[in-house]
Amino acid sequence: MGKSGIITTRSKETGVYHNVIALFKIYRSVSWRMQVQIKQVSHRFRKEYGTDVDEFLDSLYQAGMDLNEDEANIAARVEAINSSNRFLKLIDESVELMRKYHPQGERNYWILYYTYMCPYQPANIAEIIHKVESHLPQNIQINRSTYFRWRESALNAIDGILWGYEEESRKLLEHYRDTWQEKE
């Protein structure tokens, strides 16, 4: 069990933690913090430089200037925002891929969206179920156990997109390395 109380699994071969539930549990918080940081940095840039962050950075890079010595540590803040943005983009792209190609992608998308991704956090499971039902065809009604089963299915689909082939790829590479290794 991790420090946060979330059970994590660790790959014995790679030593890497892969916990899609933990990722989704922090999604809303990271998204919120990132939006606040973007607004703060954008406001500061507008005030000090009369331009937005992207235009400012483009002009610096074109001029060949280095941000490593800036006094206000702007480079670190911009890099933190960029890192958070990459994190969110990775999850968003995985969810969109699942939505587009998974046999139950649309249903899984709405489950994940209302459970973890929408800016407004629903008060309880019943509210999530109600919102998901509005996107299901033919006014299908679902119960709590169905919701949890569907949520597990959606998380497994995303888990497969994010990390599912890592172990298989490693085994395949080892197989070919062992099979095609030059004989001495």
Side-chain angles (χ1 to χ4, degrees), residues 1-43 53-54 77-171:
M1 181 164 316
K3 290 180 181 178
S4 64
I6 299 169
I7 297 173
T8 55
T9 56
R10 184 174 182 166
S11 169
K12 291 178 183 171
E13 292 81 21
T14 63
V16 177
Y17 289 97
H18 292 167
N19 189 332
V20 75
I21 295 171
L23 259 176
F24 274 100
K25 283 186 176 184
I26 64 170
Y27 180 92
R28 192 177 280 119
S29 175
V30 170
S31 180
W32 164 250
R33 283 189 218 142
M34 190 177 122
Q35 294 306 316
V36 170
Q37 286 181 352
I38 287 172
K39 292 293 181 196
Q40 289 172 345
V41 170
S42 294
H43 177 70
V53 176
D54 291 329
R77 290 188 76 184
V78 170
E79 183 54 38
I81 291 171
N82 189 31
S83 175
S84 296
N85 190 37
R86 285 192 309 260
F87 163 78
L88 293 174
K89 212 175 228 185
L90 176 67
I91 292 176
D92 290 343
E93 289 172 357
S94 299
V95 169
E96 281 302 317
L97 185 67
M98 180 221 33
R99 184 180 190 185
K100 188 173 183 179
Y101 295 107
H102 190 276
Q104 300 300 324
E106 190 69 19
R107 179 193 76 195
N108 288 350
Y109 169 80
W110 291 113
I111 292 279
L112 293 176
Y113 179 77
Y114 288 119
T115 304
Y116 301 110
M117 300 174 73
C118 69
Y120 163 75
Q121 184 170 357
N124 53 38
I125 301 299
E127 186 177 351
I128 295 171
I129 290 171
H130 176 71
K131 290 181 179 288
V132 169
E133 286 175 343
S134 69
H135 296 282
L136 298 176
Q138 303 169 355
N139 298 325
I140 295 174
Q141 303 263 317
I142 62 174
N143 59 33
R144 286 177 63 85
S145 62
T146 301
Y147 161 77
F148 287 111
R149 192 173 63 251
W150 287 0
R151 186 184 72 182
E152 184 69 24
S153 171
L155 290 169
N156 286 336
I158 296 298
D159 189 50
I161 292 168
L162 290 173
W163 300 295
Y165 298 106
E166 183 178 281
E167 183 67 19
E168 290 177 34
S169 297
R170 187 186 61 74
K171 286 180 181 177

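Values below: every heavy atom of this structure, side chains too, minus hydrogens, waters and symmetry copies. Starting from 1, each residue takes its place in the sequence as its number.
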* Once you round to the nearest 0.5 Å, how far does CD1 of I21 lie from OG1 of T115? -> 11.0 Å

* **H102 versus A157, closest heavy-atom pair with distance** => CD2-CB, 3.8 Å

* To do: Kindly say whether I142 contributes a backbone atom to a donor-acceptor pair with the side chain of E133 at under 3.5 angstrom?
  => yes

* Asked: Are Y113 and W110 close enough that their ring centres sit under 6.0 Å apart?
  -> yes

* Asked: Is any side-chain heavy atom of Y116 closer than 4.5 Å to a side-chain heavy atom of I128?
  -> no

* To do: Would you sort out whether R107 and S153 count as a side chain to side chain contact (heavy atoms under 4.5 Å, CB included), showing the intermediate values?
  => CA-CA 10 Å; R107 179 193 76 195; S153 171; 4.2 Å; yes

* Pairwise distance CD1(I91) to CD1(I26) - rounded to 0.5 angstrom -> 7.0 Å

* Asked: Would the number of heavy atoms belonging to other residues, nucleotides or ligands and lying under 6.0 Å from OH of Y120 be above 12?
  -> yes

* To do: May I ask you to test the V95-F24 pair for a side-chain heavy-atom distance under 4.5 Å?
  => yes

* To do: Please report the closest heavy-atom contact between R28 and M117, naming both atoms and the distance.
  => NH2-N, 3.8 Å

* CD/E152 to OH/Y147 distance, rounded to the nearest 0.5 angstrom? -> 11.0 Å

* Rounded to the nearest 0.5 Å, what separation is found between the CD atom of E93 and the CE atom of M98? -> 13.5 Å

* Step by step, work out the side chain to side chain donor-acceptor pair (under 3.5 Å) result for N143 and T146. => CA-CA 5 Å; N143 59 33; T146 301; 2.8 Å; yes

* Partner set under salt bridge (charged side-chain N to carboxylate O under 4.0 Å, His left out) for R99, not counting sequence neighbours -> E96, E106

* Are any of the side-chain heavy atoms of L112 and L155 separated by less than 4.5 Å? -> yes

* To do: Could you check Y109 against H135 for side chain to side chain donor-acceptor pair (under 3.5 Å), going step by step and ending with a plain yes or no?
  => CA-CA 10 Å; Y109 169 80; H135 296 282; over 6 Å; no

* Asked: Which pair of heavy atoms, one from S94 and one from I161, lies closest together, and at what distance?
  -> O-CD1, 3.4 Å

* So do the side chains of R144 and F148 get within less than 4.5 Å of each other, counting heavy atoms only? -> yes

